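These numbers come from a predicted model, not from an experiment. Computed over heavy atoms, backbone and side chain alike; hydrogens, waters and symmetry mates excluded.
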Amino acid sequence: MRIDPSVFRDRRKAIVERLSRERGLDGLLAEKPSDIRYLTGFSCSKGALFLVGQRCYLLVDGRYAEQAEKELQDIEVIRVQKNFRHAFSLLSRDLDGARIAYDRLYTTVATMDELRAALKKKVSWVGVDDPVCRQRMIKIPQEIRSIKKAVRVAQDAFLHVIEDIVSRRPSEKRVATMLMSSMVQLGSEGFPFPVIVASGRRSSMVHTEPADKRIAGLLLMDWGAVVDGYCSDITRTLAVGKVPTRLKNVHALVLEARQAALEEIRIGKPVGALDEAARRVMNKAGYAEYFTHGLGHGVGMEVHECPVVGPGREEPLAPGMVFTVEPGIYLPGVGGVRVEDMVLVKENGYELLTTIPRDLDPEVYIPG
């Protein structure tokens with residue numbers, strides 16, 4: 001994916017201006033790799049990005065320094081020669097008197113100790129919860145295209161292996177391996193989270209690991225791909241063999257809750273309204289207590305990012321938001337059902353990014 005460098009400059013300018021306007025701050029320290037990539041276009045597993053007014057510094061070690069110097073023409077790259085504490089001290093003069101935000105949900109106590117030791121009392125540090133989050137919520141067309149590719153890879157991988165899964169009924173671990181292998185072959189750069197496969201009674205465990213157990217009964221699969229650094233996240237629940245009528249009814253109820261949530265998607269409406277709509281359906285049927293997580297979450301460079309689509313959340317829906325809608329009902333010792341789709345909020349409603357069926361019958365998914 002090619003994004004013009006001016007987009008990253010605009011992003012950096014916008015976040016510095018927002019921190020100044022809303023919090024009276026002079027800049028930002030970003031360490032989360034996804035935030036660094038979002039603000040610079042540069043990908044690294046470890047680094048520190050300082051934004052102070054119009055100035056921008058990226059601190060990286062020898063693994064990334066040469067590449068960063070070649071690719072980032074408008075950012076001063078500081079090579080970490082000894083350690084990050086020494087590199088921080090090189091910024092002492094430029095940061096003198098600044099009030100800098102840092103992500104208190106990500107930056108460690110050890111890092112803050114290094115910063116304070118290196119910069120003494122020249123900098124005032126202000127902890128902010130996920131300061132880049134709000135800006136990352138709204139996706140630009142290039143990001144949306146990459147997310148759609150990641151969805152397509154994940155869906156195609158599922159469709160490639162579903163017949164094998166149903167006919168051979170391998171172990172949960174084998175199903176997970178088949179899905180991962182197929183996604184890599186189709187172009188996934190990795191996996192945004194460990195693939196979840198749970199069958200029978202184990203399907204009631206929301207995020208359990210695949211077991212060395214042959215699949216039977218309900219089969220819950222939660223998987224995703226990564227393309228251009230952007231993620232997808234899909235869940236389907238199938239009937240592989242006999243499934244009690246009660247669980248079939250639960251599946252139908254989950255689909256009803258999903259539809260109720262989707263019908264709430266309108267510009268300006270709080271995201272919490274979607275969660276409330278799904279819970280009303282479950283509460284009416286007597287299953288609300290078995291829906292044990294929020295309705296959904298934003299998806300982008302990370303598989304869980306803003307907005308959080310949960311109870312009481314007041315973030316207004318806006319064009320460009322991408323998030324999951326994933327109602328679920330989990331009956332301990334009996335089984336669980338979850339159906340998860342990804343949606344894009346648009347001016348006139350929404351676009352459903354996940355297009356494969358949501359049927360309990362696996363035959364529906366098998367081509368031909």
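Around the CD atom of Gln54, the shell of radius 6.0 Å holds no more than 12 heavy atoms that belong to other residues, nucleotides or ligands. Other residues, nucleotides and ligands contribute over 12 non-hydrogen atoms within 6.0 Å of the NZ atom of Lys213. In Glu315, the CD atom is crowded: over 12 heavy atoms of neighbouring residues, nucleotides or ligands sit closer than 6.0 Å. Counting non-hydrogen atoms of other residues, nucleotides and ligands closer than 6.0 Å to CZ of Arg313 gives a total of 12 or fewer.
Partner Ile100 forms a side-chain contact (heavy atoms from CB on, under 4.5 Å) with one of Leu115, Leu25, Val52 and no other, that one being Val52.
Expressed to the nearest 0.5 Å, how far CD of Glu305 lies from OG of Ser34 amounts to 7.0 Å. Distance CD1/Ile329 to NE2/His251: 10.5 Å, rounded to 0.5 Å. Rounded to the nearest 0.5 Å, atoms NZ (Lys242) and CG (Leu218) are 14.0 Å apart.
Side-chain contact between Thr237 and Arg358: absent, with no pair of heavy atoms (C-beta onward) separated by less than 4.5 Å. Val153 is not listed as a side-chain neighbour of Asp156, based on a closest heavy-atom distance of 4.5 Å or more. Annotation: side chain of Ile196 is in contact with side chain of Arg338 (closest heavy-atom distance under 4.5 Å). Residues Leu317 and Leu274 meet the side-chain proximity criterion, which asks for heavy atoms closer than 4.5 Å. Side chains of Val197 and Leu219 form a contact here, defined as non-hydrogen atoms less than 4.5 Å apart. By the 4.5 Å heavy-atom criterion applied to side chains, Lys269 and Pro316 are not counted as neighbours. Side-chain atoms of Ser171 and Ile215, non-hydrogen and from C-beta on, never get closer than 4.5 Å to each other.
No side-chain donor-acceptor contact under 3.5 Å links Asp341 to the backbone of Val325. For the pair Ser203 (side chain) and Gly200 (backbone), a donor-acceptor distance under 3.5 Å is present. Between the side chain of Thr40 and the backbone N or O of Ile36 there is at least one donor-acceptor pair closer than 3.5 Å. Arg18 places a side-chain N or O within 3.5 Å of a backbone atom of Pro131 that can act as its donor or acceptor partner. A donor-acceptor contact shorter than 3.5 Å is absent between the side chain of Ser204 and the backbone of Gly336. Checked by atom type and distance alone, the side chain of Thr324 never pairs as donor or acceptor with a backbone atom of Glu326 at under 3.5 Å. The backbone N or O of Arg169 lies less than 3.5 Å from a partner atom in the side chain of Arg214, making a donor-acceptor pair. When atom types are taken as modelled, the side chain of Thr177 and the backbone of Lys173 share a donor-acceptor pair closer than 3.5 angstrom.
Linking Ile, Leu, Val, Met, Phe, Trp and Tyr residues whenever their side-chain heavy atoms come within less than 4.5 Å leaves Tyr106 and Leu28 in two separate clusters. One hydrophobic cluster, built from ILVMFWY side chains closer than 4.5 Å, cannot hold both Val308 and Val271; they sit in different ones. Following chains of ILVMFWY side-chain contacts shorter than 4.5 Å, one cannot reach Phe323 starting from Ile147, and the two form parts of different hydrophobic clusters. Val166 and Val243 sit in two unconnected hydrophobic clusters of ILVMFWY residues. Membership requires side-chain heavy atoms under 4.5 Å apart, directly or through other members. Clustering ILVMFWY residues whenever any of their side-chain heavy atoms sit less than 4.5 angstrom apart, transitively, puts Ile356 in the very cluster that holds Met183.
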- Task: Starting from the C-alpha separation in whole Å, work towards a yes-or-no answer on salt bridge (Lys or Arg N to Asp or Glu O under 4.0 Å) for Lys148 and Glu351.
- Result: CA-CA 11 Å; Lys148 286 182 175 180; Glu351 178 183 349; 3.1 Å; yes
- Message: Checking Arg23 against Val128 for the side-chain contact (heavy atoms from CB on, under 4.5 Å) test, could you report, in this order, the C-alpha distance in whole Å, the side-chain angles of both residues, the deciding distance, and whether it holds?
- Response: CA-CA 10 Å; Arg23 308 289 292 262; Val128 178; 3.8 Å; yes
- Query: For Gln155 and Thr355, what are the C-alpha separation, side-chain angles and deciding distance, and is it a side-chain hydrogen bond (donor to acceptor under 3.5 Å, both in side chains)?
  - Reply: CA-CA 8 Å; Gln155 292 192 147; Thr355 58; 3.0 Å; yes
- Item | Steps toward side-chain contact (heavy atoms from CB on, under 4.5 Å) verdict (Thr235, Leu220) | CA-CA 7 Å; Thr235 305; Leu220 187 152; 4.0 Å; yes
- Query: Is there a salt bridge (Lys or Arg N to Asp or Glu O under 4.0 Å) between Glu69 and Arg79 once you walk through the steps?
  - Reply: CA-CA 9 Å; Glu69 288 166 350; Arg79 289 178 178 245; 3.0 Å; yes
- Passes side-chain contact (heavy atoms from CB on, under 4.5 Å), Tyr290 versus Val250? Steps please. CA-CA 11 Å; Tyr290 301 107; Val250 163; over 6 Å; no
- Task: Apply ring pair (Phe, Tyr, Trp, His ring centres under 6.0 Å) to Tyr330 and His293, showing your working.
- Result: CA-CA 10 Å; Tyr330 312 94; His293 54 76; 5.5 Å; yes
- Message: Evaluate Glu31 against Thr107 for side-chain hydrogen bond (donor to acceptor under 3.5 Å, both in side chains), listing each step before the verdict.
- Response: CA-CA 7 Å; Glu31 289 186 287; Thr107 298; 2.9 Å; yes
- Kindly indicate, with the supporting measurements, whether the criterion side-chain hydrogen bond (donor to acceptor under 3.5 Å, both in side chains) is fulfilled by Ser43 and Tyr64. CA-CA 9 Å; Ser43 180; Tyr64 305 108; over 6 Å; no
- Task: Show your reasoning for whether side-chain contact (heavy atoms from CB on, under 4.5 Å) applies to Arg63 and Ser45.
- Result: CA-CA 10 Å; Arg63 293 172 296 171; Ser45 61; 3.6 Å; yes
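Between Asp275 and Arg279, at least one side-chain N (NZ, or NE/NH1/NH2) sits under 4.0 Å from a carboxylate O, which counts as a salt bridge. A salt bridge links Lys32 to Asp130: at least one charged side-chain nitrogen sits closer than 4.0 Å to a carboxylate oxygen. A salt bridge links Glu302 to Arg136: at least one charged side-chain nitrogen sits closer than 4.0 Å to a carboxylate oxygen. The pair Asp61-Lys46 fails the salt-bridge criterion, with no side-chain N (NZ, NE, NH1 or NH2) lying under 4.0 Å from an Asp/Glu carboxylate O. Salt-bridge annotation for Glu66 and Lys70: present, with a side-chain N of the basic residue lying under 4.0 Å from a carboxylate O of the acidic one. A salt bridge is absent between Lys149 and Glu143; no separation between the charged side-chain nitrogens and carboxylate oxygens falls under 4.0 Å. Remark: Glu76 does not engage Arg55 in a salt bridge, criterion side-chain N to carboxylate O under 4.0 Å. For Arg145 and Asp228, the salt-bridge test fails: no basic side-chain N is under 4.0 Å from an acidic carboxylate O. The pair Asp74-Arg12 counts as a salt bridge, with a side-chain nitrogen and a carboxylate oxygen less than 4.0 angstrom apart.
Ring geometry for Trp125 against Tyr102 counts as perpendicular: the plane angle is over 60°, on a 0 to 90° scale with 30° as the lower cut.
Among pairs with a residue in residues 192-209, those fulfilling salt bridge (charged side-chain N to carboxylate O under 4.0 Å, His left out) read Glu172-Arg202, at least two apart in sequence or across chains.
Using modelled atom types, one finds no donor on one side chain facing an acceptor on the other under 3.5 Å when comparing Ser146 with Gln142. A donor-acceptor contact closer than 3.5 angstrom links the side chains of His297 and Asp233.
Figure legend: Arg11 and Tyr38 shown as a cation-pi pair, the cationic atom lying under 6.0 angstrom from the six-membered ring centre and within 45 degrees of its axis. In this structure, Arg236 forms no cation-pi arrangement with Tyr365, as its terminal cationic atom is not both closer than 6.0 Å to the ring centre and no more than 45° off the ring axis.
Under the 6.0 Å cut-off for aromatic ring centres, Phe158 and His160 do not qualify, their centroids lying 6.0 Å or more apart.
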